[in-house]
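Working notes, beginning with the structure itself.
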Amino acid sequence: MPTQTETVPALDVTRIRAQFPSLSQTVNGHPAVFFDGPGGTQVPRRVIDAISNYLSRDNANSGGNYPTSRRTDAVIAAAREAMADFFHCAADEVVFGQNMTSLTYMISRAIGRDLKSGDEILVTRLDHDANVSPWLAMAEDHGVTVRWAEIHDEDCTLDMADLASKINAKTKLVAVGYASNAVGTINPVKQIVQLAHQAGALAFIDAVHYTPHGLIDVAALDCDFLVCSTYKFFGPHMGVLFGKREHLERLRPYKVRPLSNAVPFRWEHGTLNHECIAGITACVNYIAEIGHESYRERQEPCRDGRLGRPASKASPNHLTAAETATGKTERRHALETAYELMHEHESALMQRAIAGLQKIPGARIYGITDPTRFHERCATLAVRIENHSPLELATRLGERGFFTWDGNYYALNLTEHLDVEKSGGFLRIGLVHYNTPDEVDRLLAALQEIVGV
Ligand SMILES: Cc1ncc(COP(=O)(O)O)c(C=O)c1O
């Protein structure tokens, strides 16, 4: 981590982009511009290679007594270590699954087994439906009362007073998003976890939208569960859940009898997607390397020039002396630096995009637009432009090579609440670290041309 007097070096975006084969595509002669990160990000070459190499060399089911199966077990164990560094937890608190939605349904069913009529849970109006519908279904099955935290319409932030007023001794769970995939708002999740815990409730965090933009630290948040999807942060199409070990041990999963009862395996149903799990290690290492390189410029060279723990020291109990001092691995330190770099870069892009959009006649940006509050949002912009539906804008931008999204992107409660659902929702422009100022300028020019400025 840089000290306060050190400046954060700029991200080398040319070098970053060279690692992503898909970014060099064209559409109708225009360079493809990927502003669709909130729907899924592109992947660097090393993720593609890791998936391909697994299938070429290691492909087997897990738990067998022959080389490819043993290598498969090692691939899964390495990915668990990588995600433990990513979340800042222990490796046996990492659960792999198909995607965030199915992991949330699984946990909600297990939590529901211990709830009864009269218990309450809290969800929010801002959340993606994957952090709402599983809880509504669980509540219906067990006669649990659902309470809703409302938002401030003017800036699309959570109404914290309303949220706090709806947590009480009957509350058993608070489900909240880390950041909104529609309007970009970053919620004060640490504070929300504290409110939940004061009432004796569990805190479940949907970090799917936050992960490409901000560092996750479940140890600092003290949340009970946190879930994300690796395809939103430069990895393969999978979901990963952090659960505090005590909960993963205590709760009762719906599971088949032969499946191990040990944590975390009891939560991983059926055969996992091993090739994508190989890609998860590569995607965490890709992000870490962004920080690792700049870290190296200012600090001692990293051991062996490699990321993460050496294979012989794969347990958190075997950290180096420097790592023991902080309780963090080198890869964790590198991830911290990487996120600082990505954040600086994305903030500059976001300021440029918001300032430019504000000059387009009839354009309205939903969410925070005050630059002094940009730390409360990430670089995901929900826009409407008078007399142009989001569908029309996304389609015409798509013809020009700009990949954006239109509609509700499953943040249905928000689009209904803001009364934009019937008229096509929003146009969503999602900026991540591989986007450039030039791409933002060209998008603004294309929008001006489409609306006839
Ligand atoms: C904030 C948020 N939560 C949850 C999800 C659902 O994730 P998954 O597709 O992995 O189920 C998404 C997907 O877009 C999302 O943006």
Side-chain angles (χ1 to χ4, degrees), residues 34-43 83 86-87 94-109 123-137 149 151 156-158 174-189 192 203-214 216 221 223 225-242 267-269 272-273 276-277 279-280 283 366-367 377-382 394 403-415 417 425-432:
F34 291 82
F35 287 144
D36 62 340
T41 46
Q42 300 306 302
V43 294
M83 284 308 298
F86 188 83
F87 285 146
V94 172
V95 175
F96 293 116
Q98 190 183 353
N99 49 47
M100 177 276 182
T101 306
S102 45
L103 283 166
T104 305
Y105 269 108
M106 177 183 72
I107 289 289
S108 68
R109 293 188 76 207
V123 295
T124 90
R125 203 65 74 187
L126 197 54
D127 270 68
H128 186 286
D129 215 56
N131 200 25
V132 177
S133 282
W135 304 115
L136 300 191
I151 63 162
C156 297
T157 56
L158 279 180
V174 176
V176 65
Y178 207 143
S180 160
N181 69 317
V183 290
T185 312
I186 298 171
N187 295 320
V189 282
I192 295 169
F204 183 98
I205 312 294
D206 168 8
V208 171
H209 191 68
Y210 188 72
T211 45
H213 309 290
I216 301 291
L221 291 178
C223 54
F225 299 97
L226 180 141
V227 67
C228 67
S229 311
T230 47
Y231 71 95
K232 309 282 191 183
F233 56 95
F234 326 110
H237 285 94
M238 279 199 69
V240 193
L241 174 118
F242 155 78
W267 297 97
E268 293 177 335
H269 300 163
L272 292 170
N273 187 333
C276 284
I277 289 177
I280 289 178
C283 101
Y366 287 73
R377 65 164 303 143
C378 48
T380 301
L381 308 175
F403 302 171
T404 61
W405 212 276
D406 68 281
N408 61 40
Y409 0 101
Y410 286 22
L412 181 61
N413 291 294
L414 181 68
T415 52
H417 176 79
F426 308 111
L427 174 74
R428 180 174 67 183
I429 303 160
L431 308 170
V432 294

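In this text the structure is predicted, and so the values were computed from the model without any measurement. Every number for a ligand or one of its atoms is a count from 1 in the order of the listing.
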| said: On a heavy-atom basis, I'd like to know which of Met100, Met238, Lys232 is closest to atom 13 (C) of ligand 1. | reply: Lys232
| When the ring planes of His128 and Tyr410 are compared, do they come out parallel, tilted or perpendicular, using 30° and 60° as the limits? | tilted
| task | Please verify whether a non-hydrogen atom of Tyr410 lies at under 4.0 Å from ligand 1. | result | no
| So which protein heavy atom does atom 15 (C) of ligand 1 come closest to, and at what separation? | His128 CD2, 3.1 Å
| said: Main chain of Pro236, side chain of Thr230: is a donor-acceptor contact present, judged purely on distance under 3.5 Å? | reply: yes
| task | Identify the heavy atoms of Phe233 and Thr41 that sit nearest to each other, and give their distance. | result | N-OG1, 3.5 Å
| said: If the test is side-chain contact (heavy atoms from CB on, under 4.5 Å), which one of Leu241, Asp206, Val240 qualifies with Met100? | reply: Asp206
| field | ligand 1 contact by Asn131, heavy-atom criterion under 4.0 angstrom | value | no
| Identify the closest protein heavy atom to atom 1 (C) of ligand 1: which residue and atom is it, and at what distance? | Asp206 OD2, 3.5 Å
| request: Grab the two heavy atoms, one from Leu126 and one from Ser180, that are nearest each other, plus how far apart they are. | output: CG-CB, 4.0 Å
| Against heavy atoms of Asn99, which atoms of ligand 1 measure under 4.0 Å? | 8 (P), 10 (O), 11 (O)
| note | So CG of Asn408 and CG of Asp129: to nearest 0.5 Å the spacing works out to 8.5 Å
| field | Identity and separation of the nearest protein heavy atom to atom 16 (O) of ligand 1 | value | Asn181 CB, 3.3 Å
| Which of the atoms of ligand 1 are close to Ser229, meaning less than 4.0 Å from one of its heavy atoms? | 7 (O), 8 (P), 10 (O)
| query | Does the side chain of Phe35 come within less than 4.5 Å of Leu431's, by heavy atoms? | reply | yes
| said: Among all protein heavy atoms in this structure, tell me which lies nearest to atom 8 (P) of ligand 1, with the distance rounded to 0.1 Å. | reply: Tyr231 OH, 3.5 Å
| remark: What one should report as the nearest heavy-atom pair of Tyr231 and Gly39 is CE1-O, 3.2 Å
| Identify the closest protein heavy atom to atom 11 (O) of ligand 1: which residue and atom is it, and at what distance? | Thr101 OG1, 2.5 Å
| For ligand 1, is there an atom lying under 4.0 Å from some heavy atom of His237? | no
